[in-house]
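In what follows, chains carry the letters A, B, and so on, assigned in the order in which the sequence lines appear, proteins first and then strands, with residues in each chain numbered from 1. Note that the coordinates shown come from a computational prediction; the quantities given were computed from them, not determined experimentally.
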Number of protein chains: 2
Amino acid sequence: MATINDIAKYAGISIATVSRALNKPELVNAETRERVMYAARKLNYFKNETLKILNVKSNKLSIGVIFPYITAYYFSELYSGISKAAKLHDIDLVLYELRSENMSKEGLEDALSFARRHLVDGIMLAGYVPSVYDEIFESLDIPVVLLLGTHESAKMSAYKVDDIRAAFDAISFLVSRGHRNIGMISLPLTDPANDIVSRFMGYKQGLDFYKLPFSEEMVAYGKLGFDDGYSAMKQLLAAREKTGITAVFTAADEVAIGAMRCIQDAGLRVPQDISVIGFGNLSIANISSPKLTTVAQPFEDIGAEGVKYMTKLLTEPGSVVERGNFYLPYKIIERESVAAIMNRSFSYCDGKV
Amino acid sequence: MATINDIAKYAGISIATVSRALNKPELVNAETRERVMYAARKLNYFKNETLKILNVKSNKLSIGVIFPYITAYYFSELYSGISKAAKLHDIDLVLYELRSENMSKEGLEDALSFARRHLVDGIMLAGYVPSVYDEIFESLDIPVVLLLGTHESAKMSAYKVDDIRAAFDAISFLVSRGHRNIGMISLPLTDPANDIVSRFMGYKQGLDFYKLPFSEEMVAYGKLGFDDGYSAMKQLLAAREKTGITAVFTAADEVAIGAMRCIQDAGLRVPQDISVIGFGNLSIANISSPKLTTVAQPFEDIGAEGVKYMTKLLTEPGSVVERGNFYLPYKIIERESVAAIMNRSFSYCDGKV
DNA sequence: CTGAAAGCGCTTACAG
DNA sequence: CTGAAAGCGCTTACAG
């Protein structure tokens with residue numbers, strides 16, 4: 001690879017002048033500049049940006065993006081938002097996949113070590129933050145921004161949707177469509193700090209608020225895949241005589257799609273017999289049959305806001321930047337998986353709400 | 001960030017010894033080594049790997065991975081294969097998103113410039129390679145490996161499935177299930193060098209080989225999304241009286257899922273009325289209704305083989321490495337979207353093949 | 001407007 | 001076993 005030394009030799013001038021011609025052309029005689037540019041092109045010169053740590057003044061910023069589950073459907077949506085914003089701000093993105101089976105202290109350390117190798121100026125972490133990470137983040141000397149997850153540490157800001165309120169509103173939506181017996185497929189409640197578990201809280205609050213019936217059998221627990229949704233729905237169907245559910249809220253879109261298939265395989269129809277509402281609005285929500293009504297998280301905005309915040313943090317170190325959890329607006333996208341049931345035996349009006 | 005200078009001061013020894021203790025511990029007195037290690041831990045030292053270009057002997061390899069369409073469903077599957085293999089070989093991966101609207105010369109140059117900034121030792125490029133790239137690749141001084149795409153240049157190796165044969169076999173599969181009137185949804189044929197267009201070639205060869213009827217109206221063209229599949233299928237359905245198609249082969253899974261929805265919306269059933277076979281075996285093939293029968297590309301293996309080859313190229317520069325297109329085995333995954341039609345008016349036996 | 005030189009973090013041949 | 005010093009590619013204050 002050609003260096004400025006090669007250019008200097010080729011053009012018959014010093015490396016100092018070459019450097020100036022390349023970076024501060026106004027400081028260099030026009031003719032000299034031409035010679036340098038010609039030589040650079042000729043020799044296929046690329047500036048070695050990695051020296052920025054040695055010459056502190058260089059200023060191409062880069063952000064390390066740490067993602068668990070790159071295979072998850074939401075990855076590409078979020079990354080796309082981050083990527084667009086990064087291009088806008090002329091920031092490099094360096095991606096690291098933190099496989100979920102490796103979300104230990106060591107896993108994070110590997111990720112951070114990778115990030116340092118690639119000279120990142122800040123870290124963006126997507127998803128849930130287990131408490132084993134706390135100590136590491138505490139001693140980190142570069143800023144961290146969370147996407148889709150929260151953390152009580154005062155050091156980190158987070159961009160996400162308010163999961164509890166969004167889940168609550170999913171229930172409100174079902175209620176407005178006449179549903180009163182509403183089931184849910186949730187992540188197990190073992191870790192209440194997990195934001196996806198908050199969706200159960202929202203569900204429960206919704207039921208309480210609207211004074212809707214609740215029993216243990218109205219909720220099934222499982223992971224967030226298609227098959228998990230399928231088997232969870234099987235449980236809910238088995239208890240249907242008792243619970244009388246006409247609608248199901250799921251913690252994630254893929255779960256919802258698995259649940260819909262289960263309902264169909266049982267000889268029932270979505271939404272005529274059972275309505276399903278998901279959470280996420282991943283692109284799969286738009287290709288399922290029926291298309292999925294779901295709570296839309298603004299992935300692109302979340303990514304973009306995170307980058308914007310990080311950029312500010314990095315480029316205006318003096319400015320007072322607020323820290324905290326920033327909630328972005330969600331909305332419910334109505335497609336085909338929720339029906340209105342005004343004339344059922346247990347209709348909305350019966351409930352005297 | 002702590003440097004070896006800080007460690008040297010802290011431990012009261014020279015930076016040379018610190019460097020040795022860190023990299024070649026066997027050259028250093030045990031007690032000194034302990035002191036260095038303690039100081040390093042204490043000061044939260046991370047080696048600045050980026051200096052490898054200055055001190056050529058450092059050896060953490062990294063590969064630049066250039067992907068068009070990160071939002072495409074296949075991205076995560078391929079990347080996951082690459083990523084696993086990279087971890088195995090202890091190689092860093094540096095991802096760059098080459099947005100499809102930017103697949104010009106400049107787009108590639110930005111990507112390569114990014115890759116150089118991050119000191120990659122080789123480039124892995126996924127997908128179709130437009131001919132405007134040729135010149136750039138010609139003058140590139142680091143190895144390039146292609147995934148899913150081909151290139152006639154002797155400089156580049158490629159890992160992929162043989163699209164023509166795979167498409168041919170999709171037709172064979174449909175024939176074995178009794179279909180004789182087979183339609184296709186293809187990418188427009190404008191660029192015959194595009195590997196996805198090759199799938200049309202395979203389709204056509206299959207029809208010829210089995211002496212099946214063909215007419216222009218049996219093929220619809222469009223892009224590779226759900227909606228594209230939907231509208232293409234609409235065309236095929238409109239001509240169904242004439243063509244009598246009982247099965248459709250599509251150039252990609254998402255297209256197939258759109259097509260299935262179109263068929264269902266027309267009041268027909270998949271696969272009882274029309275069978276659909278896709279291409280790719282993306283994860284969405286497993287969550288559609290009905291689940292999609294499709295030609296499986298071994299994404300993980302393709303990624304892994306690419307990394308393996310690159311590693312060999314990089315670590316054993318002496319070894320004679322074959323260049324060329326390496327075809328990996330595909331297979332047909334039978335799910336629910338193709339039916340056998342033995343007793344139809346135009347059955348397999350009628351054909352006297 | 002241009003050049004010589006120091007310095008960024010680290011490695012390693014060369015002395016000792 | 002350890003240290004002083006050169007050198008990797010580049011930038012920039014300092015001279016001229």
Side-chain angles (χ1 to χ4, degrees), chain A residues 1-40 43-62 113 115-121 141-142, chain B residues 1-40 43-62 113 115-121 141-142:
Chain A
M1 248 190 272
T3 69
I4 57 165
N5 267 300
D6 301 322
I7 299 182
K9 251 176 243 163
Y10 190 97
I13 50 177
S14 76
I15 59 162
T17 303
V18 172
S19 174
R20 273 190 289 260
L22 259 21
N23 302 300
K24 309 191 171 162
E26 69 281 6
L27 296 182
V28 174
N29 178 302
E31 191 234 341
T32 316
R33 201 192 313 147
E34 290 306 321
R35 290 228 311 280
V36 170
M37 291 315 185
Y38 177 78
L43 299 173
N44 196 23
Y45 170 78
F46 276 89
K47 174 170 160 188
N48 182 352
E49 284 277 354
T50 59
L51 291 165
K52 79 172 169 188
I53 201 165
L54 303 188
N55 300 284
V56 186
K57 295 292 170 57
S58 178
N59 53 5
K60 181 90 175 180
L61 290 177
S62 65
S113 158
R116 279 171 200 277
R117 271 204 294 286
H118 292 279
L119 294 180
V120 306
D121 302 286
D141 50 1
I142 53 176
Chain B
M1 249 191 270
T3 70
I4 56 166
N5 267 298
D6 301 321
I7 298 182
K9 251 176 245 163
Y10 190 96
I13 50 179
S14 77
I15 60 161
T17 303
V18 172
S19 175
R20 273 189 291 259
L22 258 20
N23 301 301
K24 308 190 174 165
E26 68 281 6
L27 296 182
V28 174
N29 177 302
E31 191 234 343
T32 316
R33 199 192 314 144
E34 290 305 322
R35 291 228 309 279
V36 170
M37 291 316 185
Y38 177 78
L43 300 172
N44 197 22
Y45 171 76
F46 276 89
K47 175 171 160 185
N48 182 352
E49 284 276 355
T50 57
L51 291 165
K52 78 174 172 189
I53 199 164
L54 304 189
N55 300 283
V56 187
K57 296 292 170 59
S58 179
N59 53 6
K60 181 91 176 183
L61 290 176
S62 66
S113 160
R116 280 172 199 276
R117 271 204 292 286
H118 291 279
L119 295 180
V120 307
D121 303 285
D141 50 1
I142 54 175

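Backbone-only contact: B:Ile13 has heavy atoms under 4.0 Å from sugar-phosphate atoms and none from a base.
Rounded to whole Å, the distance from CG on B:Leu22 to C1' on C:dT12 is 15 Å. The separation between B:Glu34 atom CD and D:dT2 atom P is 12 Å, rounded to whole Å. Residue B:Asn29 contributes atom CG, which lies 11 Å from atom P of D:dG3 at whole-angstrom precision. Regarding A:Ile15, its CD1 atom lies at a distance of 13 Å from the C1' atom of C:dT2, rounded to whole Å. One interatomic measurement links the two molecules: CD of A:Glu26 to P of C:dC1, which rounds to 10 Å at whole-angstrom precision. The CG-P distance, from A:Leu27 to C:dT2, rounds to 10 Å in whole Å. To the nearest angstrom, P of C:dT2 lies 16 Å from NZ of A:Lys24. Distance, B:Glu31 CD to D:dC1 P: 12 Å, rounded to whole Å.
Heavy atoms only, all atoms of each residue included: A:Ala8 and A:Ser14 are closest at CB-C, 3.9 Å. Considering every non-hydrogen atom in both A:Arg33 and A:Val28, the closest pair reads NH2-O, 3.3 Å. Counting all heavy atoms, side chain and backbone alike, B:Ile7 lies closest to B:Tyr45 at CD1-CG, 3.6 Å.
Among the nucleotides C:dG3, D:dG3, C:dC1, the one closest to any side-chain atom of B:Ala16 is D:dG3. Candidate nucleotides D:dT12, D:dT2, C:dC1 were compared by shortest atom distance to the side chain of A:Thr32, and C:dC1 ranks first. Of all nucleotides listed (C:dC10, C:dC14, C:dG3), C:dC10 comes nearest to the side chain of B:Ile4. Listed candidates were C:dT2, D:dT2, D:dA4. Nearest to the side chain of B:Val28 is D:dT2. Comparing atom distances between the A:Thr3 side chain and each of C:dT2, D:dC10, C:dA13 picks out D:dC10 as nearest. Distances from the side chain of A:Ser14 to the nucleotides C:dC10, C:dT11, C:dG3 place C:dG3 closest.
Side-chain N/O atoms of B:Thr17 include one lying less than 4.0 angstrom from OP1 or OP2 on D:dG3.
Between A:Met37 and A:Leu22, the closest side-chain pair of non-hydrogen atoms falls below 4.5 Å. Proximity of A:Leu43 to A:Tyr10: side-chain heavy atoms (C-beta onward) are separated by under 4.5 Å at one or more points.
D:dG9 and D:dA13: their P atoms are spaced 23 Å apart (whole Å). On the P atoms, D:dT2 is 23 Å away from D:dA6, given to the nearest whole Å.
Across the strands present, C:dA13 finds no partner; the criterion is a Watson-Crick or G-U wobble pair with both atom distances under 3.5 angstrom. Pair assignment for D:dA4: none, as no Watson-Crick or G-U wobble contacts are both less than 3.5 Å.
Nucleotides of DNA chain C nearest to A:Arg20 and B:Asn5 differ in position, and the one nearer the 5' end is that of A:Arg20.
Here the OG1-CZ distance, from A:Thr17 to A:Arg35, works out to 9.5 Å after rounding to the nearest 0.5 Å.
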